[in-house]
Amino acid sequence: MPGTGGVLDPDGALERLAAWKGRIDKLAADTRAMSERLEQLRVTATDSNGLTEVTVDSQGVLVDLRLGQRIQRVAPDVVARTIMDTVRDARRQLADRSREIIDDTVGTGSAAGRAIAERVERQLRDADPIGDGSDYQHSGW
C-alpha cells in the first residue's frame, strides 16, 4: 500500500534515508567540533604550597613547568614528588574538562561518545603522567 512506509513505499524509504543522512551529518559536525575543542584544551594546575605550576596539553603531556622561589627551601625529593602530583592533578582536571566537551558535543549517551569518553579516561586518569613515574623514587644523584 502506498504511503504506509513499507518496503514497497519509495517515498517512505526516501524520507528514512534523508532522516538517517541528517543524523549522520549532525554527528559528523558534532564530532568535528568536539575534536577541535579537545585539541585546543590545556590545563594549568598549581600545588597547594605554591612550589610548582604545570601545564598539560590536550594529550596530558607536560608542556610547561614553573617553579616557585620556595623550592630553594624544600628538599629535592619533595619538589620532585610535588611536580609529579601536580601533573597528575592537571591530568585529572583535563579528563574532567574533556568529559564536559564530549558531553556538550557528541554526548555520552551514544556509543561513540561513551567510547571516546572511556578512551580519554584511560589515557588521562589511569596512565602515569611522565613515563613510569608511578614507581618514582628519588634516589639522589
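Just so you know, residue 1 is the first one in the sequence shown, and it goes up from there.
Side chain of Arg70 to backbone of Asn49: a donor-acceptor contact under 3.5 angstrom is found. Side chain of Asp57 to backbone of Val61: a donor-acceptor contact under 3.5 angstrom is found. For Arg114 (side chain) and Gly109 (main-chain N/O), a donor-acceptor pair under 3.5 Å exists by modelled atom type.
The heavy-atom pair separating Arg92 from Asp85 by the smallest distance is NH2-O, 4.5 Å. In plain terms, the two heavy atoms of Gln93 and Thr44 that are nearest each other are OE1-O, 4.2 Å. Of all the heavy atoms in Val56 and Ala90, the pair that sits closest is CG2-CB, 3.9 Å. For the pair Thr108 and Ala117, the tightest heavy-atom approach, listed with the atom from each and the gap, is CG2-CB, 4.1 Å.
Here Leu94 contributes atom CG and Arg99 contributes atom CZ; the two are 13.0 Å apart, rounded to the nearest 0.5 Å. Considering NZ of Lys26 and OG1 of Thr31, their distance stands at 9.5 Å, rounded to 0.5 Å. Taking CZ of Arg91 as the start and OG of Ser98 as the end, the distance is 10.5 Å to the nearest 0.5 Å.
A salt bridge is defined here as a Lys NZ or Arg NE, NH1 or NH2 lying under 4.0 Å from an Asp or Glu carboxylate O, and Arg66 with Asp64 meets this definition.
Both Leu65 and Val43 belong to a single network of hydrophobic side chains, linked directly or stepwise wherever heavy atoms of I, L, V, M, F, W or Y lie under 4.5 Å apart. Val78 and Leu67 fall within a single hydrophobic cluster, where Ile, Leu, Val, Met, Phe, Trp and Tyr are joined by side-chain heavy atoms under 4.5 Å apart, directly or via other members.
In summary, the side chains of Thr82 and Asp47 do not present any donor paired with an acceptor at a separation below 3.5 Å, with no hydrogens or angles considered.
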